[in-house]
Number of protein chains: 2
Amino acid sequence: MRKLPSLNALRAFEAAGRHGRMTLAAQELHVTHSAISRQVQHLEQLLGVALFEGPKNALRLTEAGNRLMLGLTPAFDQLDLAVRSVADTQDGTLDVSCPGTFTMRWLIPRLYRFRQAHPDIEVRLTASSKPVDSVRDSFDVAIRAGTAPWPAELEVTPLFDEQIGPVAAPALAASVIEDIASVPLLHSRTRRHAWADWSRRAGRDADDATGNEYEHFYFMLEAASAGLGVCIAPWPMVADDLRAGILTAPLGFIASGQQYVALRHSRQHRKSSLFCDWLAGEAKAFGLPPGETQ
Amino acid sequence: MRKLPSLNALRAFEAAGRHGRMTLAAQELHVTHSAISRQVQHLEQLLGVALFEGPKNALRLTEAGNRLMLGLTPAFDQLDLAVRSVADTQDGTLDVSCPGTFTMRWLIPRLYRFRQAHPDIEVRLTASSKPVDSVRDSFDVAIRAGTAPWPAELEVTPLFDEQIGPVAAPALAASVIEDIASVPLLHSRTRRHAWADWSRRAGRDADDATGNEYEHFYFMLEAASAGLGVCIAPWPMVADDLRAGILTAPLGFIASGQQYVALRHSRQHRKSSLFCDWLAGEAKAFGLPPGETQ
DNA sequence: ACGCAATGTTCGGAAAACGCACATGAGAAA
DNA sequence: TTTCTCATGTGCGTTTTCCGAACATTGCGT
């Protein structure tokens, strides 16, 4: 049978023992030092032992105080963990898993608007493109490009269909239109079949990629912006560069057959819901590629 | 940074979840069911999730409730352990380490008086005669016979000097007085030199023990009581038998040079202090052997 | 000696926690 | 179907806990 003294007093003592100063504990717990002082004294009275010793301006834990700290700190940590695992409030952290380039090219440039709308929510981003494991992965929301079916236990928020097309620096636009084969066809290691896929969907002869291979999609895009060639890119990834005139899409965009979606646990989690709703809104406002035909 | 809700509400929920009934949780925590009900509801509001579901008379934990319980129960157990490890109050358990025969012959016959005086203290006895290791041994109080110096970090309460002398059944008293060598000199394995020590201190010729050897002092005493011989015994161990006429000490008692003491940690532990004070009182009331000359 | 920082103490007020009385709902028994 | 019992829920007033503010005390550094 447990016999616990005032939990509030235990919490105050633990904070004071951890900080070594009652004023710091008071700051952590958002009370005055005198409240901490009284709680610690109250606990000493309840337990019948001194927990601090030494002069006022240089308090030290007693041996009993040290021993109590050994148990209290992990116990309160565990309470905190337990509470965090179920709390569903409108503040706190939100873990978002997202492909790296999408994070950099689309999400991060827009995330400030979510922070403005929900300043109490701290969004933590993790780069990942791998298939979602709803049991093992510890995300709140995962953004992915792919095709249905999505894991049945997750709630799916569609963002936009993926549109792909050749993009290059504006100086290469005429060459691309006249004879695309005259321009180096850049590709990335992660999407080696990008050109073949695009050709098939665009109804063109299968073109092999003749230009350099880049380890990351982001590097390939930078090469294209620098005029080193033309590459196949999804519309969301290059939309801002197109609008800025850094890149151009001489042959337009076509659907790739994949879709961007946000996935979250079906359990009603307010922060996840808020985030997915916000994503959907941003995707809608994002619009379609210029001259999109299908 | 921890962010903990009302600890009181967490405690109420944990008890309700463990018992599966709010009324039982109320009993455990010595409040009414309505207090538990309100605390659980308050916690549900703070966390933003339901923790119980189902009809009033058959509440079940929700999935979130179950998950919270997984963390809360061990955390509260740890808080309890931590508090118990330092609490020094006037109730609870007291661990006493004591030589086995002293336990049986002196302490146990008197312990009921300590229990009467302090019904909230549960005394746990451990038999041991080995030298006290103040760091490794987990006793609150240790009773030992020996000589100074005692370990410096322990507080010493003297109980009585050890007085030893030959004891036998009353039927053998005359023989012992007339010619002690005519009676079997019993000894125990643990004190093989008892007769030689006594002889030297009594100013007699060194007598070798000629009687049976007994593995335990207690067995040897039983043999003496049964008239099988005479043995050397400390006064406290045989005082009650002498008073009852079961044994007699024809040649009286002399100091053995050893002392019985109670040892406890210098730290102010109330139960230990209470116990040592009581021991000292009982030792004083115990008195000296009859006809004690030195 | 003085100033500063840290804790300790007292008092009154605010907030949390509580008991009590009554309400509600579900299941069992008549 | 009705009634009873048991368990939780709700509202109100009371009690207890907790707190801030103001002041006191102590030790250290200048």
Of the non-hydrogen atoms in B:R110 and B:W278, which two are nearest, and what is the gap between them? O-CZ2, 3.2 Å
What nucleotide among C:dT7, D:dG9, D:dA7 has an atom nearest to a side-chain atom of B:S37? D:dG9
Check each residue of residues 51-60 of chain B for a non-hydrogen atom within less than 4.0 Å of any atom in DNA chain D, then write out the ones that pass by number, or none. B:K56, B:L59
Look at the side-chain N and O atoms of A:N8 and state whether any lies under 4.0 Å from the OP1 or OP2 oxygen of D:dT17. no
When rounded to whole Å, the CE to P distance for the pair B:M22 and C:dA26 reads 16 Å
Heavy-atom side-chain contact between B:D140 and B:F275 under 4.5 Å: no
For atom CD of A:Q45 and atom C1' of C:dT9, their distance in whole Å: 15 Å
State, yes or no, whether a side-chain contact exists between B:L7 and B:F76 at a heavy-atom distance under 4.5 Å. no
Closest to the side chain of B:Q41, out of D:dT10, D:dG20, D:dA7, is D:dT10
From CA spacing to verdict: side chain to side chain contact (heavy atoms under 4.5 Å, CB included), A:L68, A:L43: CA-CA 11 Å; A:L68 187 54; A:L43 187 61; 4.3 Å; yes
Mind calculating the distance between CG (A:L7) and C1' (D:dT16) to the nearest angstrom? 16 Å
Would you indicate, yes or no, if C:dA17 has its OP1 or OP2 atom less than 4.0 angstrom from a side-chain nitrogen or oxygen of B:S6? yes
Can you name the closest pair of heavy atoms from A:L79 and B:L79 and give their distance? CD1-CD1, 4.4 Å
Between D:dA21 and A:S34, counting only base atoms on the nucleotide and side-chain atoms on the residue, is there a donor-acceptor pair under 3.5 Å? yes
Could you tell me the separation between the CZ atom of A:F13 and the C1' atom of C:dT7, rounded to a whole number of Å? 16 Å
What is the distance from NE2 of A:H42 to C1' of D:dC18, rounded to the nearest Å? 10 Å
Residue-phosphate contact under 4.0 Å: A:T23 side-chain N/O, C:dA5 OP1/OP2: no
A:R11 CZ - C:dA16 P separation (whole Å): 12 Å
Qualifying residue, where the test is ring-ring contact (aromatic ring centres under 6.0 Å, His included) with A:Y260 and the options are A:F286, A:W106, A:F160: A:F160
Can you tell me the distance, in whole Å, between the NE2 atom of B:H33 and the P atom of C:dA17? 18 Å
Find the distance B:L10:CG to C:dA17:C1' and express it as a whole number of Å. 15 Å
Closest-nucleotide mapping onto DNA chain C: is A:L24 or B:Q39 further toward the 5' terminus? I mean the 5' end. A:L24
Describe the nucleic acid contact of B:R38 in one word from base, sugar-phosphate, nothing, applying a heavy-atom distance below 4.0 Å. base
Would you find a donor on one side and an acceptor on the other, under 3.5 Å apart, between the side chain of A:S272 and the backbone of A:R264? no
